[in-house]
There are 2 protein chains.
Amino acid sequence: MTEPDISALAHDLRIACMRVARRVRFDADNTIAPHLFSVLARLSEEPRTVGELAAIEQVSAPSVSRTVGQACEAGYAVRSPDAHDGRLVRLSLTPEGQEIVRRERAHRDAWMTGRLEEITAHQRQVLREATDLLDRVVGP
Amino acid sequence: MTEPDISALAHDLRIACMRVARRVRFDADNTIAPHLFSVLARLSEEPRTVGELAAIEQVSAPSVSRTVGQACEAGYAVRSPDAHDGRLVRLSLTPEGQEIVRRERAHRDAWMTGRLEEITAHQRQVLREATDLLDRVVGP
DNA sequence: TATTGTTATACTCTATAACTATA
DNA sequence: TATAGTTATAGAGTATAACAATA
């Protein structure tokens with residue numbers, strides 16, 4: 001593959017990925033707002049503080065604080081004080097919050113699954129390899 | 001590939017694509033707002049009306065009208081009346097607008113190109129095939 | 001004095017409804 | 001009367017600055 005081809009691939013691959021991301025967010029009429037889902041998804045991994053969420057999501061602390069307030073008000077998350085540092089607020093998902101995250105993920109996956117059922121097994125194998133490559137190339 | 005594997009691929013591929021989209025938007029510290037770039041990118045393909053842009057971008061006509069106003073004010077686009085229908089407003093890019101789009105695309109592509117240079121030619125070939133597949137699967 | 005989180009305030013993007021001009 | 005676009009108004013998310021509590 002020559003230099004120009006690498007650039008062309010970079011362009012086409014970027015466009016394709018952004019299109020998928022866009023479709024998933026728009027077409028799969030999601031029931032939960034993107035910013036709220038992002039926070040809940042992070043908390044589903046493990047309990048975190050407001051500051052940690054702000055750093056991970058790359059938004060301001062006040063913005064996260066507000067979103068967390070919505071999550072708690074909706075019964076998806078709970079605040080609890082840190083045992084050793086009174087300034088910290090530990091955030092964790094309730095069972096309802098975990099269920100919301102699970103359902104939302106299933107919803108998004110279902111949309112993608114439907115598309116993949118339209119192609120051949122061999123083509124899916126190509127996408128499988130490409131997915132693993134992307135994970136390594138783009139990083140965690 | 002069995003059923004569960006298709007679901008797993010759907011999940012992993014979706015995550016990988018959304019991660020790429022996210023990295024491009026964050027890492028490649030872009031100089032132009034996403035909604036404005038989207039409109040300019042559409043106009044770089046061909047002149048369009050407000051209604052066409054609204055339909056393509058899936059946002060309301062007033063929202064597009066506002067964004068177009070910004071584009072015109074910044075000197076990136078110009079409004080011109082339609083010859084046959086006085087209600088229509090034809091929008092097209094100025095040379096400055098074309099340059100902005102070109103530069104922004106180059107910026108985003110450069111990030112992706114850097115990643116692709118780290119892998120082998122064979123691996124890039126896999127991504128090339130996967131990209132073409134994604135285009136067909138996800139649609140235009 | 002520095003850090004964590006929240007509250008106050010303003011700005012931006014988007015949407016619906018109302019309005020103007022043209023078909 | 002229907003359509004294309006703009007203007008008016010309101011709602012939601014985010015940011016910076018100011019504040020309260022704790023280290």
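Residue numbering restarts at 1 for every chain, and letters A, B, ... go by the order of the sequence lines. Here the structure is a predicted model, which means the values were calculated and not measured.
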Pairs under 3.5 angstrom, nitrogen or oxygen only, protein versus nucleotides 20-23 of chain C, please.
residue : atom : partner : partner atom : Å
C/dT22  : O3'  : B/Gly86 : N            : 3.4
C/dA23  : OP1  : B/Gly86 : N            : 3.0

Which pairs, protein N/O on one side and nucleotides 15-19 of chain D N/O on the other, fall under 3.5 Å?
residue : atom : partner : partner atom : Å
D/dA15  : OP2  : A/Ser60 : N            : 2.7
D/dA15  : OP2  : A/Ser60 : OG           : 2.8

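Partners of A/Glu45 by side chain to side chain donor-acceptor pair (under 3.5 Å), not counting sequence neighbours, listed by chain and number: A/Arg48. Here A/Ile15 pairs with A/His11, A/Arg19 under the side-chain contact (heavy atoms from CB on, under 4.5 Å) rule; sequence neighbours left out. Take A/Val101 and apply the side-chain contact (heavy atoms from CB on, under 4.5 Å) test, not counting sequence neighbours, and it matches A/Phe37, A/Leu40, A/Ser44, A/Leu93, A/Arg105. Residues satisfying the side chain to side chain donor-acceptor pair (under 3.5 Å) test with A/Glu117, not counting sequence neighbours, are none. In this structure, the side-chain contact (heavy atoms from CB on, under 4.5 Å) partners of A/Thr94, at least two apart in sequence or on a different chain, are A/Val78, A/Glu96. Residues meeting the salt bridge (charged side-chain N to carboxylate O under 4.0 Å, His left out) test with A/Arg136, sequence neighbours left out: none.
Nearest approach of B/Val68 to B/Val39, heavy atoms of both residues: CG2-CG1, 4.5 Å.
Dashed line: the shortest gap from a side-chain N or O of A/Gln70 to OP1 or OP2 of D/dA12 is not under 4.0 Å. The phosphate of D/dG5 (OP1 or OP2) has no side-chain N or O of B/Ser65 nearer than 4.0 angstrom. Under 4.0 angstrom from either OP1 or OP2 of D/dT6 there lies at least one side-chain N or O belonging to B/Arg79.
Across residues 42-57 of chain B, B/Thr49, B/Val50, B/Gly51 each have a non-hydrogen atom less than 4.0 Å from an atom of DNA chain D (numbered order).
Atom C1' of nucleotide D/dA12 and atom CZ of A/Phe37 are separated by 20 Å, given to the nearest angstrom. Atom C1' of nucleotide C/dT3 and atom CG of A/Leu88 are separated by 9 Å, given to the nearest angstrom. Rounded to whole Å, atom C1' of C/dC13 lies 14 Å from atom NE2 of A/His35.
Taking the C1' atoms of five terminal pairs at each end of the helix from C/dT1-D/dA23 to C/dA23-D/dT1, the two resulting helix axes are inclined by 10°, rounded to 10°.
Listed for the B/Thr113 side chain is a donor-acceptor partner under 3.5 Å among the backbone atoms of B/Asp109. A donor-acceptor contact shorter than 3.5 Å is absent between the side chain of B/Ser65 and the backbone of B/Ala61.
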Using distance only, find each side-chain donor-acceptor pair of residues 50-57 of chain B under 3.5 Å and give its atom names and separation, not counting sequence neighbours.
residue : atom : partner : partner atom : Å
B/Glu52 : OE1  : B/Thr49 : N            : 3.0
B/Glu57 : OE1  : A/Arg22 : NH2          : 3.3
B/Glu57 : OE2  : B/Arg42 : NE           : 2.9

Only distances under 3.5 Å count here; give the side-chain donor-acceptor pairs of residues 79-87 of chain A to other protein atoms, sequence neighbours excluded, each with its distance to 0.1 Å.
residue : atom : partner : partner atom : Å
A/Ser80 : OG   : A/Arg90 : O            : 3.3
A/Asp82 : OD1  : A/His84 : N            : 2.8
A/Asp82 : OD1  : A/Asp85 : N            : 2.9
A/Asp82 : OD2  : A/Arg90 : NE           : 2.9
A/Asp82 : OD2  : A/Arg90 : NH2          : 3.2
A/Asp85 : OD1  : A/Arg87 : N            : 3.0
A/Asp85 : OD1  : A/Arg87 : NE           : 3.2
A/Asp85 : OD2  : A/Arg87 : NH2          : 3.0

Exercise for review: Show your working on side-chain contact (heavy atoms from CB on, under 4.5 Å) between B/Ile32 and B/Arg103 and close with a plain yes or no.
Suggested key: CA-CA 10 Å; B/Ile32 186 175; B/Arg103 200 187 314 160; over 6 Å; no
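Residue B/Glu104 holds its CD atom at 9.5 Å from CG of B/Leu36, rounded to the nearest 0.5 Å.
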